[in-house]
Amino acid sequence: MPLARELVALRTDVETGVELESLPGVRPDHERLVELLRRFGFSTWLKQYQEEGADSQGSDAGELEVETVTTRSQLDALVEAVWAADLVAFDTETTSLEPLDAELVGLAFAIECGKAWYIPLCHVDQNTEFDRDEVVESLRPWLEDPARAKLGQNLKYDLNVLERAGIRLAGVVHDTMLASYVFHSTATRHDMGSLAVRYLGRQTTSYEQVAGKGRVQLRFDQIPVADAAEYAGEDAEVTLALHRHLWPKIQADGRLQAVYEELEIPLIPVLARMERIGVALDCERLAVQSREIEGQLSELQARAHEEAGREFNLGSPMQLQAILFEELKLPVVRKTPKGQPSTAEDVLQELAADYELPRTILKHRSLAKLKSTYTDRLPEKVHQRTGRVHTHYHQAVTATGRLSSTDPNLQNIPIRTTEGRRIRKAFVAPAGAVLLAADYSQIELRIMAHLSDDERLLEAFAAGEDIHRATAAEVFDCALDAVSSEQRRAAKAINFGLMYGMSGWGLARQLEIDRKSADAYIQRYFERYPGVQTYMESIRKTAREQGYVETLFGRRLRTDEIRSRNPARRQAAERAAINAPMQGTAADIIKRAMIAVDGWIQAENAPARLVMQVHDELVLEVKEGALASVREAVETCMRDAAELKVPLLVEAGSGPDWDSAH
DNA sequence: TAAGTCACG
DNA sequence: ACGTACGTGACTTAT
């Protein structure tokens, strides 16, 4: 059969013949289809196909009736209806995607499919019997009642918008974005439009279709009520339809249901609070550092131009590549994926041994990075009203269950260099408070010990040994106190490498040793820790056989490419599969800890607030007088977040700034 | 918008 | 023979 024909046939077959719960990775036809899509460059199709897990049964949208609430009697009827309902989908319409700046413009509700309500609150063309406050007060008892169940799409946003409007939303029991994420974390998007297409086969109206785009885009309050009602009503109704589609899939697996109900949903108000509170920044300090870096950068630039023999843009890898490898004829150490000679850090590091220019470039690069991403940019992110920095934590982005942080990203603030650490000094506690930073020590290795059940590894953690030193003693066959710092460094690289599914080649590169020695280290490691080797093999097998791997708590990560005939893709999928249970379990554990810490703070009304999460670390702002008790409680919450076969060790420190708290 | 680079766990 | 350590987000340059 010609390839194009085969492609069409396969796609038709896959679309019509696949059961909802089946996983693409285990279907023999799936892989062929993916390969063909890729070969023909159908990237959009390919992405959509891989995401949907071949789960679309066509559209059955039916008619949607949206009632615009403009009279008091309509409002009364709606209030009565929401009180009577078991579960209500609702959605807020606002003037901004940034909840801190968003003003409430309207509210949409759906109780049954096919019908929705929209209450305009402050549209320009609004003509209602009531004003905004009247609506808020009539709905407040229901919105704030934890016993009245609410459903939404990304309710963290609505929670913060309503908080700003003086409403403390309670009773959040379902979120379709999180349901989709728990069901399929490796799908790239979990926004409502994508979910509607993927799961309902419904194409929803986009914001741009209603409001226009670019310079002429309308704010939501400028959109005519009639148009706004259709758009908002659809959002609420689609959310309800999505819930009815996704919830049974999650309920079908008790552990998945627990991840959703006990981790993700309870985390929503915790994250909402953290974002709302933000963190204090010492902008003056950053400004001083920026000026210092500025001076150093111009010096380095002048020096680089001199060493290169001409002027060029140090920020351009292309120009640098021309200078280093064409004009100065330095040896090409490595190439980028596109075949260009790489100028990445480790490459320049290697060249720096023999040449001046790479050294200068490296210094320049790292300082330029610090300045443009941190010392210059962070102060711009201080919110004018609160005077603090408010990141956004994303709960449905990573494949493994971790959070991510954007705008600004507070999960990649420098720490590894002295100059970088100065930036942490600018994250401060306000007067009368200190920052408390508490992190899990070696949590992923502890999880590896737990999951692999390796006797020797469990013993080492039980004995409270320095794990890298213990590994070195095993691999290099010497006493603990005879381990050299070089040996410990190698052991540390082995430990990390293992969790990433590293090969002998990779370890050799990392440690700058020959391939043979690296292979010998790994072999030696597996002789000493046979449980770990068995575990790695069992993960590969599990991934291959069931098409997904799980965390300790049952979060699933699909491994669609594990059976690919392309060895590179297959191996990449294997490495991801090996890492996911460890990274993912750590993510589950800290989420449990966050819920516990926040619960304790709220219950005790403790003078402390969670302000940041950095994967294995929690940062709190604590009133000075309460430091000892808060520290104790936080450590306990974190330690007790999971019961593993090894102890969970928490290291906590405090100080006037984030650097001092470490 | 993609590619390269680099900040973090 | 294949390519070579997991997971993120932001910035800069070049197209």
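All chains are named by letter (A, B, ...) in the order of the sequence lines, taking the proteins before the strands, and each is independently numbered beginning at 1.
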Atom CD of A:Q340 and atom C1' of C:dT15 are separated, to the nearest Å, by 14 Å
Does A:S503 contact C:dT4 through a side-chain donor or acceptor facing the base, at a distance under 3.5 Å? yes
Of the nucleotides C:dC6, C:dA5, B:dT5, which one has an atom closest to the side chain of A:N579? C:dC6
Take the protein atom CG of A:L320 and the nucleotide atom P of B:dA3, then report the distance between them rounded to whole Å. 20 Å
Does the side chain of A:S404 pick up a donor-acceptor pair with the side chain of A:Q411 at under 3.5 Å? no
When rounded to whole Å, the CG to C1' distance for the pair A:D346 and C:dT4 reads 13 Å
Polar contact flag, side-chain donor to acceptor under 3.5 angstrom, A:T406-A:N409: no
Give a yes/no answer on whether the side chain of A:S366 brings an N or O atom under 4.0 Å of OP1 or OP2 in B:dC6. no
Listed nucleotide nearest any side-chain atom of A:R365, set C:dT12, C:dG9, B:dT5: B:dT5
Candidates C:dA10, C:dG7, B:dA3 - which lies nearest the side chain of A:K338: B:dA3
Closest to the A:A399 side chain: C:dA5, C:dT8, B:dA3? C:dT8
Has A:R402 got a side-chain N or O lying under 4.0 Å from the OP1 or OP2 atom of C:dG7? no
P spacing across the pair C:dG3 / B:dG4, given as an integer number of angstrom: 16 Å
Would you indicate which nucleotide in C:dA10, B:dG9, C:dT4 comes nearest to any side-chain atom of A:I415? B:dG9
Quick one: label A:G315 by what it contacts on the DNA or RNA (base, sugar-phosphate, nothing), any heavy atom closer than 4.0 Å. sugar-phosphate
Have A:S405 and A:H394 got a donor and an acceptor in their side chains that come within less than 3.5 Å? no
Is any side-chain N of the basic residue among A:D346 and A:R509 closer than 4.0 Å to the acidic one's carboxylate O? yes
Using a heavy-atom cut-off of 4.0 Å across all strands, would you classify A:N409 as base, sugar-phosphate, or nothing? sugar-phosphate
Hey, does the side chain of A:S316 come within less than 4.0 Å of C:dA14's phosphate (OP1/OP2), counting only N and O? yes
Take the protein atom CZ of A:F496 and the nucleotide atom C1' of B:dC8, then report the distance between them rounded to whole Å. 13 Å
Strictly by modelled atom types, are A:E617 and A:H662 linked by a side-chain donor-acceptor pair under 3.5 Å? yes
Answer yes or no: does a side-chain N or O of A:S404 lie under 4.0 Å from OP1 or OP2 of C:dG7? no
When you measure from the side-chain N and O atoms of A:T400 to the phosphate of C:dG7, is any distance below 4.0 Å, counting only OP1 and OP2? no
Extract the stems that DNA chain C is part of, considering only consecutive pairing runs of at least three Watson-Crick or G-U wobble pairs, both distances under 3.5 Å. B:1-9 with C:6-14
Protein-nucleotide distance (A:D519, atom CG; C:dT4, atom C1'), rounded to Å: 12 Å
Any Lys/Arg nitrogen of A:R592 or A:D588 sitting under 4.0 Å from an Asp/Glu carboxylate oxygen of the other? no
Among C:dA5, B:dT5, C:dA1, which is the nearest nucleotide to the side chain of A:M502? C:dA5
In this structure, is the centre-to-centre distance between the rings of A:F476 and A:Y521 below 6.0 Å? yes
Would you classify A:Q510 as touching base, sugar-phosphate or nothing, given that sugar-phosphate means primed atoms plus P, OP1 and OP2, and contacts are heavy atoms under 4.0 Å? base
Just call it for A:D439: base, sugar-phosphate, or nothing, with non-hydrogen atoms closer than 4.0 Å on any strand. nothing
How would you label the contact of A:Q583 with the nucleic acid (heavy atoms, under 4.0 Å): base, sugar-phosphate, or nothing? base
Quick one: on DNA chain C, does A:M318 or A:R509 contact a more 5' nucleotide (nearest heavy atom)? A:R509
Would you indicate which nucleotide in C:dG9, C:dA1, B:dG4 comes nearest to any side-chain atom of A:K369? C:dG9
Distance check needed: C:dG7 P versus A:E574 CD, whole Å only. 13 Å
Listed nucleotide nearest any side-chain atom of A:P317, set C:dC6, B:dG4, B:dG9: B:dG4
Between C:dG7 atom C1' and A:R558 atom CZ, what is the distance in whole Å? 19 Å
Any donor-acceptor pair, under 3.5 Å, between the side chain of A:Q411 and the base of B:dA7, if you only look at N and O atoms? no
If you compare every side-chain N and O of A:Q319 against the phosphate oxygens of C:dA14 (OP1, OP2), does one of them come in below 4.0 Å? yes
Under-4.0 Å side-chain N/O to phosphate OP1/OP2 contact, A:N313 with C:dT13: yes
How would you list, by chain and number, every residue that makes a side-chain hydrogen bond (donor to acceptor under 3.5 Å, both in side chains) with A:R421, sequence neighbours excluded? none
Taking the side chain of A:V614 as its heavy atoms from C-beta onward, which of C:dA14, B:dG9, C:dG9 lies nearest to it? B:dG9
Using the C1' atom on both, measure B:dC8 against C:dA5 and round to a whole Å. 16 Å
Does a side-chain N-to-carboxylate-O contact under 4.0 Å join A:R189 and A:D191? yes
Counting distance only, does the side-chain N/O of A:Q319 pair as donor-acceptor with the main-chain N or O of A:N313 below 3.5 Å? yes
How long is the line joining CE of A:M536 and C1' of C:dC6, in whole Å? 11 Å
With a cut-off of less than 4.0 Å, is there a side-chain N or O of A:R416 near OP1 or OP2 of B:dC8? yes
